[in-house]
A.B. asks: 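This structure is in structure tokens; I'll ask about it shortly.
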Amino acid sequence: MDEILRVENLSIAFGHNRVLNDLSFEVFENEVLGIIGPNGAGKTVLLNVLTGILKPDSGRIVYKGKDIAKTKIALRTRMGIGRTFQVPRSFEGMSVYENIMVGGVYGRLLSEKEAGAGADEILEHIGMAGRRGEIAGALGLLDRKRLEIGVALASKPDLLLIDEAAGGLTESEIANILEIVRGAKQKGVTVIWIEHVLQTMLEGTDRTLCIAEGRNVICGPPRMVMDSPEVHAVYLGTEEDE
Ligand SMILES: Nc1ncnc2c1ncn2[C@@H]1O[C@H](COP(=O)(O)OP(=O)(O)OP(=O)(O)O)[C@@H](O)[C@H]1O
Ligand SMILES: [Mg+2]
């Protein structure tokens, strides 16, 4: 399998707080890579570095063979890197359909016609086909999270980064998200999926990477990673701290 992304020795510090520490891993084309790690492990910071919101102090981000560590955010989106946010950021006053359009028109610079042509398929994909006119601000949590993924999909990503889509959802609601991620993979999208709910990672991902203190603790098949002494030590450590 070819790799779509390779992260090499990525480091970033905020003052004395070294959040990513020589982090290295790769993502293969069309896989779903799950990333787990305790609170504060650096997962969201990693996504922010991958999308260009934050600049790393050192290290390389090789995407489709090019080092994009210094590439601007908007260009990375147009190169096919899409993301969701841990706290959904839909435009509250706009309808579900308008939000999807914004993803295509502003995320990927599609014409309104092109974005509109893809919108129905995305609404279908996220299970909101009959709800295009609903106002985003009035949606419940599951729908906001689905819409958030839909907006990211509207920018036609080759690599989709999902930051905690399952947080706050029930088991059956998480199954909805799982279906959406599976659907994205079927369409050829590569996914990096950050999550706290470990069970989701077993069912929904091809490989799991555990990070702690900004380091690669272990990466491999989900069950192997989940059952590993390394991961148990990382999560036990946080329980003892709390
Ligand atoms: N912009 C920033 N400026 C300064 N410190 C930051 C910034 N963003 C994150 N941090 C710090 O980086 C560390 C890692 O935060 P991050 O949000 O990546 O954790 P996380 O793994 O996503 O945790 P969670 O599971 O709670 O979402 C934390 O100590 C946080 O305070
Ligand atoms: Mg986070």
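Below, each value reflects all heavy atoms present in this structure, side chains not excepted, and no hydrogens, waters or symmetry copies. In listed order, ligands and their atoms are each counted from 1.
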A.B. asks: Is any side-chain N of the basic residue among Glu179 and Arg146 closer than 4.0 Å to the acidic one's carboxylate O?
C.D. replies: no
A.B. asks: Would you mind checking which non-hydrogen protein atom is closest to atom 27 (O) of ligand 1, with the distance to 0.1 Å?
C.D. replies: Gln86 NE2, 3.0 Å
A.B. asks: Counting only heavy atoms not in Glu213, do more than 12 fall under 6.0 Å of its CD?
C.D. replies: no
A.B. asks: Do any N/O atoms on Gly42 end up under 3.5 angstrom from N/O atoms on ligand 1?
C.D. replies: yes
A.B. asks: Heavy atoms only, cut-off 4.0 Å: how does Asn17 contact ligand 1, side chain, backbone, both, or neither?
C.D. replies: side chain
A.B. asks: What protein heavy atom is closest to atom 23 (O) of ligand 1, reported as residue, atom name and distance in Å?
C.D. replies: Gly40 N, 2.9 Å
A.B. asks: Polar-atom distance check: Leu54 versus ligand 1, any N or O pair below 3.5 Å?
C.D. replies: no
A.B. asks: With hydrophobic residues grouped by side-chain heavy-atom distances under 4.5 Å, do Met94 and Val105 end up in a single group?
C.D. replies: yes
A.B. asks: Does Glu112, at its CD atom, have more than 12 non-hydrogen atoms belonging to other residues, nucleotides or ligands within less than 6.0 Å?
C.D. replies: no
A.B. asks: Can you tell which part of Val45 has a heavy atom less than 4.0 Å from ligand 1: side chain, backbone, both or neither?
C.D. replies: both
A.B. asks: What protein heavy atom sits nearest atom 3 (N) of ligand 1, and how far away is it?
C.D. replies: Phe14 CD2, 3.4 Å
A.B. asks: For atom 12 (O) of ligand 1, which protein heavy atom lies nearest, and how many Å away is it?
C.D. replies: Val19 CG2, 3.2 Å
A.B. asks: Does an N or O from Ala41, backbone or side chain, lie closer than 3.5 Å to an N or O of ligand 1?
C.D. replies: yes
A.B. asks: Can you confirm whether Phe28 is buried at CZ, in the sense that more than 12 heavy atoms of other residues, nucleotides or ligands lie under 6.0 Å from that atom?
C.D. replies: yes
A.B. asks: Does atom CD of Glu121 have more than 12 heavy-atom neighbours from other groups under 6.0 Å away?
C.D. replies: no
A.B. asks: Please could you name the atoms of ligand 1 that Glu164 approaches to less than 4.0 Å, counting only its heavy atoms?
C.D. replies: 25 (O), 27 (O)
A.B. asks: For Arg223, is the CZ atom crowded, meaning more than 12 foreign heavy atoms sit under 6.0 Å from it?
C.D. replies: no
A.B. asks: Restricting to N/O/S atoms, is Thr44 within less than 2.8 Å of the Mg ion (ligand 2) or not?
C.D. replies: yes
